[in-house]
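Each remark here refers to the structure printed beneath this line.
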Amino acid sequence: MELVLEDGTTAASDRFMVAVCTCRRSRTYPFCDTSHRRRRRPGRGRDGAPEEGTP
Amino acid sequence: MTAPAPAPPAAPGQALSAVPGLPVPRGPLSEQLVTALRRPPSEAPPLPGRLPAGTDPLGEDAQLALYAAYELHYRSFAGVADSWEWDPGLLRLRAALEEAFGRALRGAVPGGDDVDAVLEPLLEEPVEPSGTAHHLQKEGTWGQMREYLAHRSVYHLKEADPHAWVIPRLTGQAKASLVAVEYDEFGGGRGDRVHARLFADLMEGAGLDPAYGRYLDLVPAVMLANVNLMSWLGLHRGLRGALVGHFTAVEVTSSPGSRRLAAALDRLGAPPQCALFYTEHVEADAVHEQVLRRDVLGDLLRREPQLAADAVFGVQAYGYLEDLLGDHLAACWRAGRTSLLAPLPEPTGAPGTPDAG
Ligand code: FES
Ligand SMILES: [Fe+2]
Ligand SMILES: [Fe+2]
């Protein structure tokens, strides 16, 4: 799969499905890296943060 | 005329397919199990069908015994008769271990049946991050990073294998989409892109031995339990809702965690081959998260809404055991001691050995 960006450059991916970033915050633009996520303030849940996952 | 080709280095694929030896027992249950596994089932002393009173279901002995029992369905151990996999006596012991494990987990999590509510906190980015990945990114040492990789090796060298067991228990979109994610986990048709292989490459770069099962004897119950949970849920059709809930929670939390771990490897000066495992997961799991939530879990619950409570259990049990592991790592590292059962052997002149610190 090839994605043509506004500036004319292309980004390629051979994944079965791609998640395209629409929030413009991704560090791997044009692909989503979950940087769009809502921020959570501390004090909610366990120390405000569950242990972060690993694949 | 060409110079004779140098002897090829030992292919990492070789180590990946090697069969590990039986683990060192950690108590009476694992002792009896390992002793029995050294002989064919017909010549082995009978295995206990019940757990001795006072057995800690999350303790070293029970978790290692359970891990070894499950391993017979994956690669098994060198010298163990294949017929042990479906031996009734072994399965009776495994069932007793699973029953105690399941009871402990169900007693430790709040439960409920609101899947969206339980996934919501996992879908937020903490303003003040904490946890293992954050620690390693900010200030962890190279030694701690290597320990972390040794812990995770008991899963990542068989990454996504336990989830393959749920495939025949799904239908329609849930099945199609779970298989699509698994196809990605297994390299999209390319052996050198199988995620377990990327992890082996990472281990090698970090001066660790990528042989399957190499660090099992060093890995404590608190990590084994995370793998046992997946094996338990994967091997029981009745727990398919929990397996899918668990998988969804993994994929939802993995992308930001992987970004931090890639940054940690970078900060610590690890060789470039190392970060690929995590950078691949930043992007892949941003996709897998969407597919799991909408097309796998969503579709499964449309077909079988009665599985919602199990899905919640899968999410919560995952969080509970990951939190226990995170707490263990933090406590050990704060106290300046190893988080493994014994310190890792020093890397032996491996290419990737950045300065500690
Ligand atoms: S949509 Fe921009 S990072 Fe996900
Ligand atoms: Fe993966
Ligand atoms: Fe994934």
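Sequence lines set the chain letters: A, B, ... in the order given, protein chains first and strands last, and positions in each chain run from 1.
No side-chain heavy atom of B:Q290 sits under 4.5 Å from any side-chain heavy atom of B:E251. Side chains of B:P126 and B:E128 form no contact here, defined as non-hydrogen atoms less than 4.5 Å apart.
Neither the backbone nor the side chain of B:F199 has a heavy atom closer than 4.5 Å to any heavy atom of chain A. Of the two parts of B:L123, the backbone and the side chain both hold a non-hydrogen atom closer than 4.5 Å to a non-hydrogen atom of chain A. At a 4.5 Å heavy-atom cutoff, the contact between B:H156 and chain A is made by side-chain atoms alone. Heavy atoms of B:V291 lying under 4.5 Å from chain A belong exclusively to its side chain. Residue B:R193: no heavy atom, backbone or side chain, is found under 4.5 Å from chain A. Interface remark: B:E185 contributes no atoms to any contact with chain A (heavy atom separation under 4.5 Å). The parts of B:E322 that come within reach of chain A are both its backbone and its side chain, each placing non-hydrogen atoms under 4.5 angstrom from that chain.
Between B:E125 and B:R260, at least one side-chain N (NZ, or NE/NH1/NH2) sits under 4.0 Å from a carboxylate O, which counts as a salt bridge. Salt bridge absent: B:E159 and B:R152 never bring a charged side-chain N and a carboxylate O closer than 4.0 Å.
For the residue pair B:Y148 and B:S339, no side-chain donor N or O sits within less than 3.5 Å of a side-chain acceptor on the partner.
Residues B:H281 and B:H288 place their aromatic rings such that the two centres sit no closer than 6.0 Å.
The candidate from B:A284, B:A249, B:A160 with the greatest count of non-hydrogen atom pairs under 4.5 Å with chain A is B:A284.
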